[in-house]
2 protein chains.
Amino acid sequence: MSESSGPRNRARQGSRAPLSREEVVDAAVRYADEHGLEALTMRALAKEMGVYPTALYWHVGSKPQLVAAASARVLDGIVLPSVHGVNWDVWLGEVARLCRAAMHRHPNLVPIMGSQLAVSTTAVPFVERILGVLEGAGFTGNDLVDVYNTVIGFVLGWVTLELSAPPSDAEAGWQKGFAAELRGIDPNTFPVLTRNLPLLENNAFLTRWESGRDRPMDRSFDVALDVLVRGLHSKII
Amino acid sequence: MSESSGPRNRARQGSRAPLSREEVVDAAVRYADEHGLEALTMRALAKEMGVYPTALYWHVGSKPQLVAAASARVLDGIVLPSVHGVNWDVWLGEVARLCRAAMHRHPNLVPIMGSQLAVSTTAVPFVERILGVLEGAGFTGNDLVDVYNTVIGFVLGWVTLELSAPPSDAEAGWQKGFAAELRGIDPNTFPVLTRNLPLLENNAFLTRWESGRDRPMDRSFDVALDVLVRGLHSKII
DNA sequence: ACCTGAACACCGTTCAAGT
DNA sequence: ACCTGAACACCGTTCAAGT
């Protein structure tokens, strides 16, 4: 149909201000937030922006580059709290919660963010603050490096897992089947699981059928954070 | 070219034994291991198996289902150690190391495993063992659920992040640019980072340009594991 | 500098048809 | 039951051409 060809969207007819790279990436973030990552297509995004698909290439180079730039925006909105008059451990907790909140705001981009290496230094101020606080807590040298990796890997990794989604394919109703399978396990071979199933089902990794998007694991995250901080404390002296 | 159409691969001419679902998933795992996830195509896999692309659909339903099944194989090879005569914390450490090793064996499937909900109960025996050990350590009820989530989320999440790869796009030599950017930061605004850069560069999340595939973060993982176990200990009493 | 428009080489998936 | 073979509706990307 000739109806679907060519950009006739929003007031872009006539001579418009040129696109900018930032504009394109912003639009990509919004599109992924709204329609999911697998719906984010150069062609679909172009149509949304009232432009020809190939126009995007001038600004972002390629689709992988666009997706990388979009996923790098996830942690962008975060403004780190001041360190003044607050203990390093509560500061770290606050920051962890901020990171988690930011990730929950863009769940469709988190899989990319979690599995792709950063290719720019936009996170440098963020890194500096964390390092400063950990150094203030008493970690230096390789200990500082390792503890930093512990914290970052824990927070970003844990929430990435929390936000796991069902395969884009999954037909409605697989959850029923999964839940049934779970409740049908043999109590003799799986006694602990059976005994704790009421608390576990849909609440724990590998025994849940809803994503953390729809069913946030708040309490478990709090515990995880507590375990992390206690572990760090015990390493200081 | 007519050369590329039709399956003329490995001795599948004449009447062969029929494909099985397991066979297809195995081939997918191998293909992803060898050529990367973005090279795993229904058409490419079919050609590799000496079969027409549409034949795969009879066995696996769709590509998302195939990829999900393949990524579920990552933790499959693990045989959990016995709990006899070993403390819960060292047992947990061993299991964490086994998980990490399995993930390092299939780095291309980890992003999927890390960002996709399990849709089958193949992991149930694994879950039972972990729960049993944590219960033996003294955790019950909601504490058990939360501590279990802490452990699983930590191990799988951390290693997922460790195995991050550069965007499939990235032109060779972006690493040089990234490293240069990093070394060019202002020492006055980023004093801690500057002071520790020799230890940090290419060794820490957000300041590295090589994947954990090629540059495993062994020492940091050990520390992270130690922090986790210490944190758990401090919650018991 | 920035965008159009056509074209190319791929995809996943459906469906009827064979055996 | 299991697979072929053609066909459809998409993709990302290149490139010459416009302004």
Side-chain angles (χ1 to χ4, degrees), chain A residues 1-25 27-28 31-32 35-70 167-171, chain B residues 1-25 27-28 31-32 35-70 167-171:
Chain A
M1 305 302 113
S2 71
E3 191 273 337
S4 74
S5 68
R8 70 190 72 251
N9 232 351
R10 53 189 69 210
R12 181 163 280 283
Q13 71 286 32
S15 59
R16 306 281 303 127
L19 252 47
S20 70
R21 182 186 151 90
E22 209 201 5
E23 212 179 332
V24 175
V25 177
Y31 200 90
H35 302 100
L37 192 62
E38 70 288 323
L40 176 58
T41 277
M42 297 303 272
R43 298 174 115 108
L45 183 62
K47 180 177 273 190
E48 172 82 13
M49 301 187 74
V51 102
Y52 279 79
T54 47
L56 302 180
Y57 284 81
W58 204 92
H59 297 280
V60 296
S62 72
K63 183 177 177 186
Q65 282 178 53
L66 172 60
V67 172
S168 51
D169 206 27
E171 77 285 12
Chain B
M1 304 302 113
S2 70
E3 191 273 336
S4 74
S5 66
R8 70 190 72 250
N9 230 350
R10 53 188 69 206
R12 181 164 280 281
Q13 70 285 33
S15 59
R16 304 282 303 128
L19 250 49
S20 70
R21 182 187 152 91
E22 210 201 4
E23 211 178 333
V24 175
V25 177
Y31 200 90
H35 303 101
L37 192 61
E38 70 288 322
L40 175 58
T41 277
M42 297 304 272
R43 297 175 117 107
L45 183 61
K47 180 176 272 189
E48 173 81 13
M49 301 186 75
V51 101
Y52 279 78
T54 48
L56 302 180
Y57 283 82
W58 204 91
H59 297 281
V60 295
S62 72
K63 183 177 178 186
Q65 283 178 50
L66 173 60
V67 171
S168 52
D169 205 26
E171 77 284 9

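Residue numbers start from 1 in every chain, and the chains themselves are labelled A, B, ... in the order their sequence lines are given, proteins ahead of strands. These figures come from a predicted structure and were not determined experimentally. What you see below is based on every heavy atom in this structure, not just the backbone, and it leaves out hydrogens, waters and symmetry mates.
In this structure, the separation between CZ on A:Arg21 and CG on A:Leu56 is 12.0 Å, given to the nearest 0.5 Å. Atoms NZ and OH, on B:Lys47 and B:Tyr52 in that order, are 11.0 Å from each other to the nearest 0.5 Å. Taken from NE2 in B:His35 to OG1 in B:Thr41, the straight-line distance is 11.5 Å, to the nearest 0.5 Å.
Between A:Glu23 atom CD and C:dC2 atom P the separation is 12 Å, expressed in whole Å. For the pair A:His59 NE2 and C:dC2 C1', the computed distance is 6 Å after rounding to whole Å. Atoms OH (B:Tyr52) and P (D:dA7) sit 14 Å apart, rounded to a whole Å. Nucleotide C:dG12 holds its C1' atom 13 Å from the CG atom of B:Leu45, rounded to whole Å. When rounded to the nearest whole Å, the span between CG of B:Leu56 and P of C:dG12 equals 10 Å. Note: NZ (B:Lys47) to P (D:dT4) measures 14 Å, nearest angstrom.
When all heavy atoms are compared, the tightest approach of B:Pro53 to B:Ala46 is CA-CB, 3.4 Å. Heavy atoms only, all atoms of each residue included: A:Asp169 and B:Pro64 are closest at CB-CB, 3.3 Å.
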Exercise. Reading DNA chain C 5' to 3', how would its secondary structure be written in dot-bracket notation, given Watson-Crick and G-U pairs with both distances under 3.5 Å, brackets [ ] for crossing pairs and | for partners on other strands?
Worked result: ||.|||||...|||||.||
Detail all sub-3.5 Å separations between protein N/O atoms and N/O atoms belonging to nucleotides 13-19 of chain D.
residue, atom, partner, partner atom, Å
D:dT13, OP2, A:Tyr57, OH, 3.0
D:dT13, OP2, A:Lys63, N, 2.9

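Under the 3.5 Å distance criterion, the side-chain polar atoms of B:Lys63 are matched with a main-chain donor or acceptor of B:Leu40. In terms of modelled atom types and a separation under 3.5 Å, the side chain of A:Ser20 and the main chain of A:Glu23 share a donor-acceptor contact.
For A:Tyr57, there are no ring-ring contact (aromatic ring centres under 6.0 Å, His included) partners at least two apart in sequence or on another chain.
With a 4.5 Å cut-off on side-chain heavy atoms, B:Leu66 and B:Met42 count as touching.
Side-chain atoms of B:Trp58 lie closest to D:dC2 of the nucleotides D:dC2, D:dT4, D:dG12. The side chain of B:Ala55 has D:dC3 as its nearest neighbour among C:dT4, D:dC3, D:dG5.
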